Structure formats: C-alpha cells, structure tokens
Amino acid sequence: MKDYLAGLNEPQREAVTHIDGPLMIIAGAGSGKTRVLTYRIAYLIEKGVDPFNILALTFTNKAAEEMRHRIEKVIGPEAKNLWMGTFHSVFSKILRFDGHKLGYTSNFTIYDTDDSKSLLRSIIKEMGLDDKAYKPNYVLNRISAAKNNLISWQMYNENPSFAAEDIAAQMPELGRIYKTYALRCFSANAMDFDDLLFNTNVLFRDHLDVLNKYQHKFRHVMVDEFQDTNISQYLITRKLAAVSQNICVVGDDAQSIYAFRGANIQNILNFKKDYPDLKVVKLEQNYRSTKNIVNAANSVIAKNKAQLEKNIFSDNEEGEKIEVIRAMSDNEEGRLIAHEIFEGRLRGLKNSDFAILYRTNAQSRAFEEALRKIDIPYRIIGGLSFYQRKEIKDILAYLRFTVNQQDEEAFKRIINTPKRGIGDTSVAKIIVLASEHQTSIWNIVSNIQFYMEGRTANAVAGFADLIKSYTVMMEEGKDAHTLAMHVAKTSGLLHELYMDKTVEGVARHENVQELLNSIRSFVDNDENEDKSLSSFLQTVSLLTTADEDDDGDAEKVTLMTIHGAKGLEFKHVFVVGLEENLFPSQMMLKSRDDLEEERRLFYVAITRAEKQLTLSYAQQRYTWGKLTYCEPSRFLEEIDSRYLRFGDKGIPQTFEPSFAPKKQATRPVVIGEPVKRASANALKPVQPPVQAHVPSADFEPSDTSKLKVGDKVEHQKFGFGEVKKLEAFSGSTKAHILFEREGEKTLLLSFAKLRIL
DNA sequence: CACGTGTCCATTTTT
DNA sequence: TGGACACGTG
C-alpha cells in the first residue's frame, strides 16, 4: 500500500481507492476533502491512468491550481497534463476548439455581467420599452435561469407557461428580449457565462462526433463542490461519463450556497437515481474545528429539512465557547472586533489567523476603517475586482475589439474613449447605418468614407485605422504582451492617465501598468501553450476575485463575504452583521424565500473556524445613508445556547428580542420633518439670489492633489472659499469647502475647477 | 460635442 | 451613499 494512504481514515481510503464506476463522496466540512481528491487522482495515475484522460472540475481556478501543485508533489511533473479548472474555463477551451460547429470563431468574446447588462439596456431601449419596468438585472437573471435549465430562446417563446408568468410579472416582452439578446450575442461572436455551458450542451447534443471525442478523452471525470452545480453543468458531466461511467462527485449538501445561480441541490439528492450502482462514501469526521464549533454548527443545520443523513463529529479538543458580541452601531462593531484581533495577537496569533466574514460586500467599510485606525494590515477578497476597474476594462475592450471586430460592447466602450469627438449621436447614427445596410458595425466604421463626411467621419476613420493597425500586428503573430503594450501607448489611454496627476489618476496609471505586467507573465508562463491575445482574453474574463494574486503569505487579516470563504479555514473567525434582514438577507427571503440556503450559508461561515468563533451584531446601522434599527438575527437563537458565551465587550448581553422602537424598523420619526415632498419644496425658505462669481482673469486650475485643510481657494464658478475637510472615498478624494457666497459645498477633487491661492 | 449640475434610484451572494 | 442618467450651457 502506498505510504500516503497510511494517513487516511477508513472512509477516506475507500474513496481514494475506488477507481471504476460512479462514486459520490459526501464530504462534511473540514473532513479532508481536498486531500482525498488529490490522493485519488494520484492513485489513479499510479494505477496506470494517463493524466491526459482525467478531467477534474473545481469551483475556482485557484482551487484547481492548488490541487495541481499538490498532485505534482505526489506524482511529479506529469500532473501538468491533467485537465483541471472550472466548468467555465474548461468548456470555454473546448468551445474554442469546436465552437465553429455552432457558428462561433475561436476568437469569440466572453461577455461579463456588465457587458450583458449593458447589451440588455440597449435592447430594452431600442424596443421602446420602459427600462423601469424591465430592469436589466432582473431580465438577465431570468435569461440566465432559462439557459441554466437548458431552455433556449426558441423554447422559451414556444412555451405558453413562460409567457403567462411574464405577463403576470408585468413583463410580457421578456421572450422577445431573450430572443434579441441571444441573436445579438451571437452576431457579436460573443458568449456570456451561461452560454459557455449552454453551448457546450448544444455542441454535445448536436455533434456526436465531438461528444465522442471527449468521452474517449476523459475516461475519468471528477467534480468538486458538486452541491453547487446546476442542471446545465450536471448534464455535461453526465454526458461525458456516459461511456466510461467513471464519474466521481464530491460535495456536501449542507454547504450548497449557490442556488441563486441555478445550483440545484437536487443534483446531489438525486444522483443515486441516475447511477443505480453508485458507491457512496461519507466523510464525517471533522479534523478542522473544536468540538464546540462542530456541535454548534450541527445544531444550526439540523433545522433544515432537505438534507442527506450524516453525523459530523470531531475528536479535537472541546475548545472555547462561541462568543457573541452586541455592538451599538456598525462602527462600534468594527472597533470591537479590531480590538479583539489586537488582543488575539498579544496572545500569540498572527494576523493571517483571523478572518472577518460578512454577508454583503458593503459591510466591509466599518471593519476597514477600524483596522486601519489601529494599524492592523488586512486584505479584502472580492468586492470590485481588478478587472472591473474602468481603466482596465477600457484597455481590455481595445484588445477585445482587436481580436473580434464584431464585439459590440467593446466597440461602444472604446469608440470615443479617449475622447476623439465621436459623440452619442454619431455612434447612434453608425448603429442605424449598420442595420439599414444589413451589415456589421465594423463594416460601416472601416468604410466610413462611403457613408459620412466631415469632422466626425474623419475621427471615425482615424479610429478604424488605429484598430486596423492593431489587427495587422496581431496577424503578424505578435504576442499578447507586445500587442497590449502597443495598444496602451498608441490608443492614448495610457497618455491620458499619465497626464492626470490626481491621486486617482496616478492609481489608474499604476493599475494599467499592473495589467501589462500580468499580460507579460501570462506570455512568459510556459504552462500556457497558447500565448495569443485571444487566449489571454478568454482566460482573463473567467478569472474570479478569488483567483487574483492574493498575497496569500502576507501577514494580513482577511475580510470577505461568506461565499468567498468556501473551502478556507482560519484559527479565529468573526461572523459579523448577524441581524435580521441582513443575515438572513431579506432580499433572499423576498425573491426566493429560501431560508434554508441562508442557514447553510451560516453553517459554512461557522465551520470555517478552527479554534475560535465570534458572532457579532449591531443595534444600529447606516444603510443607504439612512439610520436603521436592527434586531438580532434569528440564527443567533438557533444555535444551541450550551455552546455560546456572551461577550464582555459592548453592551451587556440579554436577548430581549427588541430594543428598537416598535415596528418602525426602517424609519424613526423625525419631529418637524415635512411629510410630503411637495410641501417640503413649498416650505423651503427663499434663497437670496447669489451673484455669479466672475473668475479672476488669469484663471488656471491648480494641482488639486496638493490641497490641504485650511487652504484658501478660488473656484471658477463658486468664487472664494476655504477648505474645511478632506475626505477619502473609494480611491479618490472629496473636499468640503466653505465658499464665501455659496456656503459649504462638497466637491470631488478630480472635477474641481479650483485654484489654490 | 464636452462638461457641469441636478435628480432619481438601488442596493445579495458570483462563474 | 454614490452611480447612472437627463438636461442645460459653453
């Protein structure tokens, strides 16, 4: 027996050594799942399976990379030949090879959520529909749900029950929108995230030769985080494994937290029906957490009805009880927790031993401020990702358009960025021309002299020449980095950022440099066999925030959403914002009415902790600029109180359910506040007319990044004033300035026409 | 056409 | 709170 098998417990070993036929591993939290998966692959290879014939689907690219490295340690460099990655990345590669059978070129663009929404917004506008009734977000979710259930736009429009639902939801045109959206994506040679899976299904359904090829290539299929797969993904794996029957799925129904994205817990509950001779292995021993934490988690999840029977236990020490903290406000919650981390470090813990987990990204602010104030380094995972920043998207849009001139969304982004005098009217005209002449936008743009003349036409022609020069370079076979570098310089984007000396301008310039660096390392990385721009772009659009080069080794406290924490563990975990309507989220309860999923989310959060767990909530919190009273989350009461201890921090604890004024959760009455808006306007005292300020003759705005509190300034329009306060927000700076005539104004520095006197 | 200003509105999680 | 959009002015 191999030595690595020696360290495994009985069920773990069973899972590792089961090679032929379907296998389902129910892996409880902290039960050594990754270890089992890694060893199983190593074992397969040692038993003579070629790594080329193994497909392992993971939830994030990072998880795949990590597993590949671990396997490499056991079996050596052969591990490189494994097919590993997320569903989206693996199947985008397959579509790159074989997508031409569906009418896509290998250079197809992958639309991210922003692209999809923007396209939907245009479609809704073009159809003359009210964009208040048809919210792009909702429409996209609906289309996405359809695709994830393999309902094409044709099927959607043929099925009267969908039409009935849409009419009931006051959106009778959804079917038409779906159709237009699908056709527009197709003619843009673009796929959205759901298309990658949907089209793979279509490819395997309609092109049996292709299916056959991959069925024989992937003799062994493994799926990690199986509880989070949707129907579309499940069908792909089932088809791939139909011949060999060698399918191994690993998951935990108690940790299914992506139902909102179409994940179907039935996949795991019904798996046995699809594979009658399925072997099921349960990994029930938790090696991660203390008894206390495991028991508390069990007491919570026991409230859920839909689940597979299992008994998660721990042989670790009893451990400390779970601390509950009540704070006055969100800011105090931040302070208390920052303080506790500080104390924890005095007891010998490192920054990286701590994680603060919250339900929504917006909650991070209070913790960031508190940690910064006492100089505790932290890193935030998630939130606005690097690749969603404007300056990055701009460069990427140029690259996308170079690779694929049908990419409508990229076109809209760059045609007038940086400003080259082609305004909205001209762009609209071009789009109209394209549809009048039944041709592509690029066709019009690249032959603009036949359609328009004058200043704008020249500008458009200049743009077309620019893109053509890029295309030529690409066809010469220049690698992604050379090309991107050239594009950044000659498009004017880099120059524009370089000229911008404001704080945020400098930061943006650095971001672009960082993007260029990352393209270079993509090109230099020998593991990427395809170094083309097109290949880089497809890789990049499937990166998640969890994949971004984290300073994993950095000595920092981790802040992230619970969703982002899946698969991770920390010595001391803080689960914060445990307030009714926030966690469980009222959004979730309203739209899907799925308390059980929220509870599983809570379960996931709890089970990230190894030694210590702290739960906290605030009595008051600012939401959307308004102060709201909060009640403690029902989840706090669902934990068996034997495992709890009320913190000595914050306000002394009791659980009287409500300390807030009765039934006015959202809006305390303010005495004297006018009731209606109209009367508010009527009551407004008449302002004495303010004389317009005539700027000094030589008005020349100064470098506002040097602005300090107390500076006397002149504004082009508001006149003279004094800086009262400077405030940082989302990467830039705001100034509160008291103007002599106008009173106090808040200005965004980058836009201020200011002169420092 | 570019820019500044005012108004409205939405706020969950992510491949 | 702040981002997206509509409108008016230069």
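Predicted model, so just to flag it, every value in this text is computed and none were measured. Residue numbers start from 1 in every chain, and the chains themselves are labelled A, B, ... in the order their sequence lines are given, proteins ahead of strands. The basis for the numbers below is simple: all heavy atoms, side chains too, and nothing from hydrogens, waters or symmetry mates.
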Can you give me the N/O atom pairs linking the protein to nucleotides 10-13 of chain B at distances under 3.5 Å, or say none if there are none?
residue : atom : partner  : partner atom : Å
B:dT11  : OP2  : A:Asn137 : ND2          : 3.3
B:dT11  : N1   : A:Trp624 : NE1          : 3.2
B:dT11  : O2   : A:Trp624 : NE1          : 3.4
B:dT11  : N3   : A:Trp624 : NE1          : 3.1
B:dT12  : O2   : A:Arg359 : NH2          : 2.7
B:dT12  : O4   : A:Ser591 : OG           : 3.2
B:dT13  : OP1  : A:Asn361 : N            : 2.8
B:dT13  : OP1  : A:Asn361 : ND2          : 3.2
B:dT13  : O4'  : A:Arg359 : NH1          : 3.3

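Listed candidates were C:dC5, B:dC1, B:dT15. Nearest to the side chain of A:Arg121 is C:dC5.
For A:Lys117 and B:dT14, the NZ to P distance is 12 Å, given to the nearest whole Å. If you measure from atom CG of A:Asp114 to atom C1' of B:dT15, you get 14 Å, rounded to the nearest angstrom. If you measure from atom CG of A:Asp192 to atom P of B:dT14, you get 18 Å, rounded to the nearest angstrom. At whole-Å resolution of the value, CG in A:Asp228 and C1' in B:dT14 are 11 Å apart. Nucleotide C:dT1 holds its P atom 9 Å from the CZ atom of A:Arg365, rounded to whole Å. Taking atom NZ of residue A:Lys566 and atom P of nucleotide B:dT15, one finds them 10 Å apart after rounding to whole Å. A:Lys125 places its NZ atom 6 Å from the P atom of C:dC5, with the value rounded to the nearest Å. Between A:Phe193 atom CZ and B:dT15 atom P there is a gap of 8 Å when expressed in whole angstrom units.
Using a 4.0 Å heavy-atom criterion, one finds that A:Asn416 contacts the sugar-phosphate atoms exclusively.
Salt-bridge annotation for A:Glu409 and A:Lys412: present, with a side-chain N of the basic residue lying under 4.0 Å from a carboxylate O of the acidic one. Classification of A:Arg372 and A:Glu369 as a salt-bridged pair fails, no side-chain N sitting under 4.0 Å from a carboxylate O.
Residues satisfying the side-chain contact (heavy atoms from CB on, under 4.5 Å) criterion with A:Leu589, sequence neighbours excluded, are A:Pro584, A:Leu595, A:Arg634. By the salt bridge (Lys or Arg N to Asp or Glu O under 4.0 Å) test, A:Arg455 pairs with no residue at all, sequence neighbours left out. In terms of the salt bridge (Lys or Arg N to Asp or Glu O under 4.0 Å) criterion, A:Asp330 has no residue partners (sequence neighbours excluded). Take A:Arg400 and apply the side chain to side chain donor-acceptor pair (under 3.5 Å) test, not counting sequence neighbours, and it matches A:Asp115, A:Asp407. Listed by chain and number, the residues in a side chain to side chain donor-acceptor pair (under 3.5 Å) with A:Glu598 are A:Arg359 (sequence neighbours excluded).
Take the nearest nucleotide of DNA chain B for A:Lys419 and for A:Phe87: the residue whose nucleotide is more 5' is A:Lys419.
Distances shorter than 4.0 Å separate none of the side-chain N or O atoms of A:Thr113 from OP1 or OP2 on B:dT15.
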